[in-house]
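Written out below as structure tokens is the structure these notes cover.
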2 protein chains.
Amino acid sequence: MAQGPTITTIAERAGVSIASVSRVLNGLPTRQETVRKVMAAAEELGYVRNAVARSLKSRRTHQVAFAMADVGNPAYLAMLREIQPVLKAAGYRLVLHSTGAVVADEIDVLHSLGERYVDGMIMVPLRVTEAHLQMLGAARAPVVVIGSVPEGTPVDNVRADSRTGVRLAVDHLHALGRRRIALVNGPTDTVPGAARGAAYREALAELGLPYDEELVEIGDFYRAEGGRAVAALLNRVSDVDALMCANDLIALGALDVLRAAGKRVPEDVAVVGMDDTDLAAASWPSLTSVSLGSAERGRVAAELLLDRLQDGEHEPRVVTVPPRLVVRASTTPEPPATRGRSRDGRSTEGGGTS
Amino acid sequence: MAQGPTITTIAERAGVSIASVSRVLNGLPTRQETVRKVMAAAEELGYVRNAVARSLKSRRTHQVAFAMADVGNPAYLAMLREIQPVLKAAGYRLVLHSTGAVVADEIDVLHSLGERYVDGMIMVPLRVTEAHLQMLGAARAPVVVIGSVPEGTPVDNVRADSRTGVRLAVDHLHALGRRRIALVNGPTDTVPGAARGAAYREALAELGLPYDEELVEIGDFYRAEGGRAVAALLNRVSDVDALMCANDLIALGALDVLRAAGKRVPEDVAVVGMDDTDLAAASWPSLTSVSLGSAERGRVAAELLLDRLQDGEHEPRVVTVPPRLVVRASTTPEPPATRGRSRDGRSTEGGGTS
DNA sequence: CGAAACACCGTAAACGTTTACAGATCCTTG
DNA sequence: CAAGGATCTGTAAACGTTTACGGTGTTTCG
């Protein structure tokens, strides 16, 4: 951990100027003899370029930030998994910000862009407040937002389409002959909660099914709360034949409670989750789930950012990633053989770290 | 995205020297009048300190790297989730390196420490080769290794104890009256595979059970392979009454195959997984699993690194994190009510990203 | 043989900070 | 009021690079 060699050390050892050393290291035209001497000296000293000094001069850090609420959330994780290799391939390091669902922290992170320790950032805001928009407008480095941002906000934007997602699920249940389709939602003051609630209503309308308040239960986006909500629902109405759950965890809670109540899934009650996380494939019966394309949104966001870092001044772009219904056993006793496999095998690799 | 203000801009605006500006910004003793002027100017200009320049001078980047094979792996993810808040609280940013199971990439990452873009690093090597040891010896910044490293390697080291882990599981199965306990392992040329195989043998010996080669099946650490291995096993021996699986994915595969074969879990065959990932709680029946303390190992590693960054020159430390058996339904029909809950609820937060 | 063209190379400035040092200003005190 | 000290401030160097510019030595050509 002794003081590492610098360009100056090499220059002395090789008997040339630091400018020559730099030129050699950067592959600029130089006499063979000099190249040889510099290379030899660098080799002997075990020289490695100092990234910080380099960044100061070049105004490029080759780092990109990814900011979201919580790495533990599988949706964010799916994004991260796609973002990482794209950035790595382009020679960028990834700085991770987990804001822990504190809105003020998100603003802080945006503010910290001014410190210029990254060349750009991908952010998944929890909700988009006035403060967000203001910071995004004044951001000192390019930002790509995953989530919806108002027209005219000067950032690239990757959106999911949970409306269509819910529609896919409800249509699927309807096609299976289900008519008493309940919604088990999370809090409606969150962006996804509100969107899913509205989409559910719309989907029913398009199918000509009545909207029955009795069939809507609000809990939270966790397993235990989901279970509780479903229990309350079953207590109230007895003829439910399908559950549209606003996320996979809620759906798992639903499975717990249905099993305890002696209801068969999917024969008595069909269950659909949302986000298509790894848990959906692991549960039993395996869970039909609406994928909102987290992985793809991550990949697209990374690509948009790289584009922007290269070119810089084109118009902001908006990309919407289509949802996909992954059918598994919780809605059809015999799920189509090839579909629904998603990435059960590969998803969690190795597993051994002794 | 225009050229941001620097300390010089402020100095001009406030009519003082850059040294004064710097002093004010760092809270060094300064006349009130000057403080006021500088603060005002900084405010107006929306000044933010340039982290790169700062790092160059101070030789501190306030960044720490975390390097592992794959963010998708729940074990690494559990570490990450603990590491992140510890570092954040101490004012460090987290740089993520996912080496994708390529050993050469791990060496690269170690080498890149010389670029000094981070103050230190936490690494989970896939396997520890001669090259690793050499790089670790010559590392230009402190490294904490999660995994086992030979005595005398000059780095802090956090270890799991999969030997004891396997013992806990086998003892548990034995206590439940199981006598034909099979091992479904991953490749034995990996560190965890080898350790778990040896531990299984030892555990049997201590219980006075015979080691029966018939009962050992080697597959890979994935769900499908695990299932295949179990199918092969069942084909060969018919009286197996317990499966010790080398990781949770293998165990999930086992559940699939057992169900298909009409065997009841746990009545006919008890199943134990390893790593206690989120999947263990999600599956049905929920999976008894040996936790190797990934989360805690992450937390400890982060703390060791922070210690070292502050103090620097103490002796390398070795910490071993004890395993824990989390009992769920796949071994006992009625799992103890409070235990085995681990973190089913919180683990995967929010879930909504529309 | 002298001048022009060329290929290399070294000097020095710049990136945006922090900080040692010395100079300037103010206050205190005899 | 002068001197001494205390307090504050500005100049300049440093961190490790990259790069514009001009200088040196060699080659080429009239």
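Reckoned from all heavy atoms, side chains included, excluding hydrogens, waters and symmetry mates. Bear in mind that the values here come from a model prediction, so they are computed numbers and not experimental data. Lettering follows sequence order; numbering is per chain, from 1.
- Checking B/Asp307, B/Asn157, B/Asp156 one by one against B/Arg317, the side-chain hydrogen bond (donor to acceptor under 3.5 Å, both in side chains) holds for a single residue, B/Asp307.
- Looking only at distances, a side-chain donor or acceptor of B/Thr30 sits under 3.5 Å from a matching main-chain atom of B/Leu28.
- Side-chain contact of B/Asp119 with B/Thr61: a donor-acceptor pair under 3.5 Å is present, judged by distance alone.
- A/Arg81 and A/Tyr76 form no side-chain donor-acceptor contact under 3.5 Å, judged by distance and modelled atom types alone.
- Here A/Ser22 lies in heavy-atom contact (under 4.0 Å) with a base.
- At a threshold of 4.5 Å between non-hydrogen side-chain atoms, the residues A/Ser148 and A/Val128 do not count as touching.
- A salt bridge does not link A/Arg127 with A/Glu106: none of the charged nitrogens is closer than 4.0 Å to a carboxylate oxygen.
- Other residues, nucleotides and ligands contribute more than 12 heavy atoms inside 6.0 Å of the CD atom of B/Glu44.
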Give me, pair by pair, the N or O atoms of the protein and of nucleotides 8-12 of chain C that are less than 3.5 Å apart, along with how far apart they are.
residue	atom	partner	partner atom	Å
C/dC8	O3'	A/Arg31	NE	3.4
C/dC9	OP1	A/Arg31	NE	2.8
C/dC9	OP1	A/Arg31	NH2	2.9
C/dC9	OP1	A/Thr34	OG1	2.2
C/dC9	OP2	A/Arg31	N	3.2
C/dC9	OP2	A/Thr34	OG1	3.4
C/dG10	OP2	A/Ser17	N	2.9
C/dG10	OP2	A/Ser17	OG	3.0
C/dG10	OP2	A/Ser20	OG	2.8
C/dG10	N7	A/Arg23	NH2	2.9
C/dG10	O6	A/Arg23	NH1	3.0

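- For DNA chain D, the span of nucleotides reached by chain B at under 4.0 Å from its heavy atoms goes, 5' to 3', from D/dC8 to D/dG16.
- Summary of the strand contacts: B/Gln32 and B/Ala53 both lie near DNA chain D, and taking for each the nucleotide with the nearest heavy atom, the more 5' one is attributed to B/Gln32.
- For DNA chain C, no neighbouring residue in residues 35-47 of chain A is found when judged by any heavy atom under 4.0 Å.
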Side chain to side chain contact (heavy atoms under 4.5 Å, CB included) between B/Met123 and B/Met68, intermediate numbers included: CA-CA 6 Å; B/Met123 163 169 260; B/Met68 34 72 224; over 6 Å; no
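- Scored by the side chain to side chain contact (heavy atoms under 4.5 Å, CB included) test, A/Asp311 finds A/His314 as partners (sequence neighbours excluded).
- For the helix from C/dC1-D/dG30 to C/dG30-D/dC1, the end axes, each set by the C1' atoms of five terminal pairs, are bent relative to each other by 60° (nearest 10°).
- A/Ser294 approaches A/Ala75 most closely through the heavy-atom pair CB-O, 3.6 Å.
- For the residue pair A/Asn26/A/Arg49, the side-chain donor-acceptor check at 3.5 Å is satisfied.
- Sorted by first and then second residue, the pairs that involve residues 25-34 of chain B and meet salt bridge (Lys or Arg N to Asp or Glu O under 4.0 Å), not counting sequence neighbours, are B/Glu33-B/Arg36.
- Side-chain contact of B/Arg54 with A/Tyr117: a donor-acceptor pair under 3.5 Å is absent, judged by distance alone.
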